[in-house]
Structure formats: C-alpha cells, structure tokens
Number of protein chains: 2
Amino acid sequence: MTKVTANDARASSDDAVRDLVIATADSLYNLRGIQSVGMDALRDESGVSLKRLYKLFPSKEVIVEEVLRSRHERWMSSVSAAVAEASGPRQQLLAIFDFLSAWFGENDFRGCGFINSFGELGGTVESLAGIVRDHKADFQAYVARLVEQAGGPAWLGPQLAILAEGAQTTAAIAGTSQAADDARRAAEILMDAAGITE
Amino acid sequence: MTKVTANDARASSDDAVRDLVIATADSLYNLRGIQSVGMDALRDESGVSLKRLYKLFPSKEVIVEEVLRSRHERWMSSVSAAVAEASGPRQQLLAIFDFLSAWFGENDFRGCGFINSFGELGGTVESLAGIVRDHKADFQAYVARLVEQAGGPAWLGPQLAILAEGAQTTAAIAGTSQAADDARRAAEILMDAAGITE
DNA sequence: CATACCGGAGAACGAACGTTCTCCAGACTT
DNA sequence: AAGTCTGGAGAACGTTCGTTCTCCGGTATG
C-alpha cells in the first residue's frame with residue numbers, strides 16, 4: 001500500500017525522481033558515453049543521492065537499459081510525428097530523412113545512441129545488445145510498413161533503412177549533417193525506381 | 001647503434017614483437033572491445049611481458065592508435081584488391097558490396113572496428129576520433145574516385161558510401177550479412193540512375 | 001670467472017568506479 | 001513526547017585496470 005504524505009512531497013514522488021534520473025542519465029550518456037559517466041556524476045547532475053539511486057534502481061546496468069528504452073520510445077515518436085505531418089506516401093518516406101537532417105543539426109547530436117552503445121558495450125553486455133537489436137528491428141519494420149502502405153515493393157524498405165543507418169554513422173563521425181541530404185537524394189532515386197511517385 | 005646478438009634472437013627482434021603485439025591486440029579488441037581488454041589480457045594472449053610491452057609502447061592508447069592504423073591499411077588494401085579483380089566501372093563499384101558481404105559472413109565479424117571504437121571512445125579520446133574520421137574520409141574519397149573514373153556524377157559517391165556504412169552497422173547489429181545484399185541492390189539502382197551501365 | 005645488462009614473472013601502486021555502509025537530521029505515527 | 005522511518009552527505013569497500021617496481025635468472029662482455 002503506497003501512502004502519499006508530506007514526507008514524499010519534500011523528496012518528490014519516486015516516479016518523478018525516476019523520470020528525472022533517467023532524463024539526466026540520458027543526457028549524460030549521450031554527451032560522454034556510458035562507461036565514462038559514473039554514478040557519482042549522475043548523482044551530482046541529477047541531485048539525487050546515491051542511496052536513493054540504489055533504492056530506485058538495482059544497478060547502473062538497469063539504468064542504462066531504461067535510458068535506452070525511453071530513447072527508443074521518444075525516437076520512434078519523433079519519427080512518426082514527422083512522418084504524420086507529411087502528405088502522401090512519397091513525402092512521408094522522405095520525411096524520415098528530413099527528420100534525420102534536423103536531428104543531425106542539433107548541437108548535442110553525438111550519433112545514434114543505440115549504435116554507440118552497441119560499439120561500447122555490445123560485446124560484453126548481452127541485454128543491451130538485445131535492446132539495440134530490437135530498436136533497429138522496430139525501425140526497419142516501421143519503414144517496411146510505410147513502404148507497404150505506399151504500395152512499394154518489399155525490397156525498398158531495407159534499402160531505405162540502410163540509407164538511414166548509414167546517414168547516422170556518417171553524420172556522427174564526420175560531424176556534419178550533409179549525409180542526411182545525400183541519403184535523401186538516394187531515397188528519391190530508389191523510390192522513383194520503385195514506382196512511388198506521389 | 002643496434003647490436004644483433006643471440007640475446008635478441010632468444011627474445012625476438014623488437015620490430016617482430018611489435019607486430020605480434022599489434023596483431024594480438026587487433027584480434028582481442030575486435031572480439032571484446034577496447035575497454036574490456038586490459039593490458040594483462042594482452043600480455044597473456046601475446047606472451048609478451050608487461051615490462052616489454054611498456055618498453056615497446058608508451059601507453060595503451062598508443063597501442064590502440066597503431067591497431068586502428070594497421071586496420072585502416074589492411075581494410076583499404078582488401079577493398080582495393082577486391083575492386084581490382086572486377087572489370088568495368090560498374091562491376092568495380094559493385095565489388096565493394098561483394099567484399100562487404102564476404103566480410104560480414106566471417107565468423108569473427110563484429111562490425112566495423114572504427115564505428116565501434118567511435119562509439120566506445122569517440123567522446124573521450126580525441127585522437128582516436130580523428131583516426132576514425134580519417135578512415136571514413138579515406139573510404140569516401142576512394143569511392144568518389146571510382147565514381148569519377150566511371151564517369152558518374154559527383155552525387156553518387158557519397159550515396160554509395162552511405163549505403164556501405166549503413167550495411168556495416170545493420171549487419172553488425174542484426175548479426176546477418178543480409179544488409180550487404182540489400183545495399184548492393186540499392187547501389188545497382190543508383191548506378192542505373194547515374195548512367196553507369198557497364 | 002666476474003660483472004653489467006636484458007627481460008620474465010608477478011607484486012605493487014594509484015586511480016576510477018560500482019556498490020554499500022555510517023552517521024545524522026527531519027518528519028510522521030501513536 | 002518517544003520511537004520509527006526516510007533520505008542526504010559522504011566515507012568506505014572491493015574490484016578493475018593502467019602503469020611501474022622488485023626480484024631474479026640467464027646472457028654477453030672484460
């Protein structure tokens with residue numbers, strides 16, 4: 001039985017603190033990578049004591065997992081919101097690359113957090129590798145669904161997904177958003193060939 | 001003045017040991033990532049004592065840099081060898097994706113070591129980020145040169161390079177070599193549109 | 001043969017970090 | 001008002017890891 005009291009009010013509810021911790025960790029992990037952000041840094045930045053951190057989460061690994069899960073939801077929501085604003089199948093698929101372009105241009109863009117996490121921990125922490133795989137699989141399935149709705153052939157979805165992946169790594173490493181435009185032009189050519197014209 | 005004596009013979013020449021260390025480190029870093037392979041593991045696997053490791057290299061960071069440099073040379077050589085076997089501009093460009101397909105199928109394939117290193121250390125070790133950037137820039141320039149020799153338009157090179165990057169991350173995360181075939185088919189369509197027919 | 005040197009095995013050191021513990025102040029319950 | 005619980009500040013613990021040091025056997029040089 002959970003009791004809500006003035007004590008909770010002083011320290012904020014557990015759920016709110018959890019969200020704050022995940023948001024802070026998300027930002028720090030994105031900025032500096034996972035391994036180089038210690039629990040002390042997370043405490044300093046979030047203002048949540050170590051004791052409470054370990055009451056809310058059993059380990060750092062679980063925090064990382066929840067950060068990746070929240071990133072997945074936020075990222076997929078952002079993409080589908082951008083897609084929803086476009087009209088017509090072709091414009092909707094192109095909206096993915098416009099979204100990427102805008103994302104790459106943000107000044108805290110440090111590459112796809114999932115790709116980075118995979119490079120950082122994919123070889124040693126199997127649970128994280130699974131989350132990364134699921135994220136990419138979800139994105140590929142989403143693109144495939146859009147292609148299907150557009151009446152395009154089955155081979156187009158994987159191709160567009162690969163373009164999006166390549167744009168992400170290229171933009172992250174080169175430090176420019178140019179790759180998004182290159183990928184967008186390639187997507188137009190592929191859609192032309194697939195007969196998606198409107 | 002370097003003296004070659006029986007003492008050196010017992011312990012092997014410094015250059016040979018350096019090469020052995022780099023090769024061993026290359027394999028271990030590829031398998032388990034950089035951070036999780038300590039100097040003790042490198043000593044155990046290479047048979048070179050810590051004392052000698054630190055006589056040959058000033059620090060682990062320098063070893064990592066040399067591993068990446070040697071990977072770059074080996075990778076670029078492998079790609080150009082595969083390209084050289086093909087005849088005609090179109091087949092040469094497609095040979096890149098055939099090379100990727102074969103690479104992804106190797107059982108010790110764990111993704112592009114440069115992308116992984118970037119995710120692992122790009123945010124904290126600037127010298128490594130530079131090496132990764134240079135590697136990707138070299139590859140992009142190589143593709144652009146092939147496109148130019150084929151008489152293709154300037155926009156095609158970046159597009160093919162993005163496909164190759166996307167195939168690498170997709171194959172690494174998904175654990176299949178399917179992405180290479182998808183990327184190859186996309187490359188054919190893009191070359192068709194660019195007028196590279198033979 | 002004596003001595004200086006090279007290198008191996010492995011201990012040792014210092015820092016970083018994940019996790020837990022101690023001490024204590026404030027707030028709710030009875 | 002006494003007792004109990006929560007949570008903060010920060011010390012402490014154990015481990016990992018990069019790097020250096022100690023000890024010692026063997027080799028080459030006088």
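Quick note on labels: first sequence line is chain A, next is B, and so on, each numbered from 1.
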I'd like a table of donor-acceptor pairs (distance under 3.5 Å, sequence neighbours excluded) in which one partner is a side-chain atom from residues 142-159 of chain B, with atom names and distances.
none

Quick one: [X] [atom1] to [N] [atom2], roughly how many Å, whole number?
X: B/Arg32; N: D/dT16; atom1: CZ; atom2: P; value: 13 Å
X: B/Leu53; N: C/dC6; atom1: CG; atom2: C1'; value: 16 Å
X: B/Asp44; N: D/dT16; atom1: CG; atom2: P; value: 14 Å
X: B/Leu28; N: D/dG18; atom1: CG; atom2: P; value: 12 Å
X: B/Ile63; N: D/dC17; atom1: CD1; atom2: P; value: 15 Å

Practice task
Would you please name every residue forming a salt bridge (Lys or Arg N to Asp or Glu O under 4.0 Å) with B/Asp44, sequence neighbours left out?
Solution key: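 None.
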
Exercise for the section: Inspect the contact between A/Arg69 and A/Glu73 and indicate whether a charged nitrogen and a carboxylate oxygen are less than 4.0 angstrom apart. Expected result: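 Judged by the 4.0 Å cut-off on N to carboxylate O distance, A/Glu73 and A/Arg69 do not form a salt bridge.
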
Handout entry: Selected nucleotide, minimal atom distance to B/Lys55 side chain, candidates C/dG8, C/dG7, D/dG8
Key =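 The answer is C/dG7, which lies nearest to the side chain.
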
Problem - Qualifying side chain to side chain donor-acceptor pair (under 3.5 Å) pairs, either residue in residues 89-98 of chain A, two or more places apart - result: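 Those involving residues 89-98 of chain A are A/Arg90-A/Asp192, A/Asp98-A/Arg184.
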
Handout entry: Sequence neighbours excluded - salt bridge (charged side-chain N to carboxylate O under 4.0 Å, His left out) pairs with any residue from residues 152-173 of chain B
Key =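 Found B/Lys136-B/Glu165.
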
Practice task
With sequence neighbours excluded, tell me which residues meet side chain to side chain donor-acceptor pair (under 3.5 Å) with A/Arg32.
Solution key: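 Counting only residues at least two positions away or on another chain, A/Arg32 forms no side chain to side chain donor-acceptor pair (under 3.5 Å).
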
Practice task
For B/Glu106, enumerate each residue passing the side chain to side chain donor-acceptor pair (under 3.5 Å) test, keeping only those at least two apart in sequence or located in another chain.
Solution key: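 Side chain to side chain donor-acceptor pair (under 3.5 Å) check on B/Glu106 returns nothing, list empty.
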
Atom pairs under 3.5 Å: protein N/O with N/O of nucleotides 13-15 of chain C:
none

Would you list the protein and nucleotides 17-21 of chain C atom pairs, both N or O, that sit under 3.5 Å from each other?
unit_1: C/dG18; atom_1: OP1; unit_2: A/Lys60; atom_2: NZ; d: 2.6
unit_1: C/dG18; atom_1: OP2; unit_2: A/Met39; atom_2: N; d: 2.7
unit_1: C/dT19; atom_1: OP2; unit_2: A/Tyr54; atom_2: OH; d: 2.7
unit_1: C/dT19; atom_1: OP2; unit_2: A/Lys60; atom_2: N; d: 2.9
unit_1: C/dT19; atom_1: O5'; unit_2: A/Tyr54; atom_2: OH; d: 3.4

Problem - A/Tyr54: partners by ring pair (Phe, Tyr, Trp, His ring centres under 6.0 Å), with sequence neighbours left out - result: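 Not a single residue meets the ring pair (Phe, Tyr, Trp, His ring centres under 6.0 Å) criterion with A/Tyr54.
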
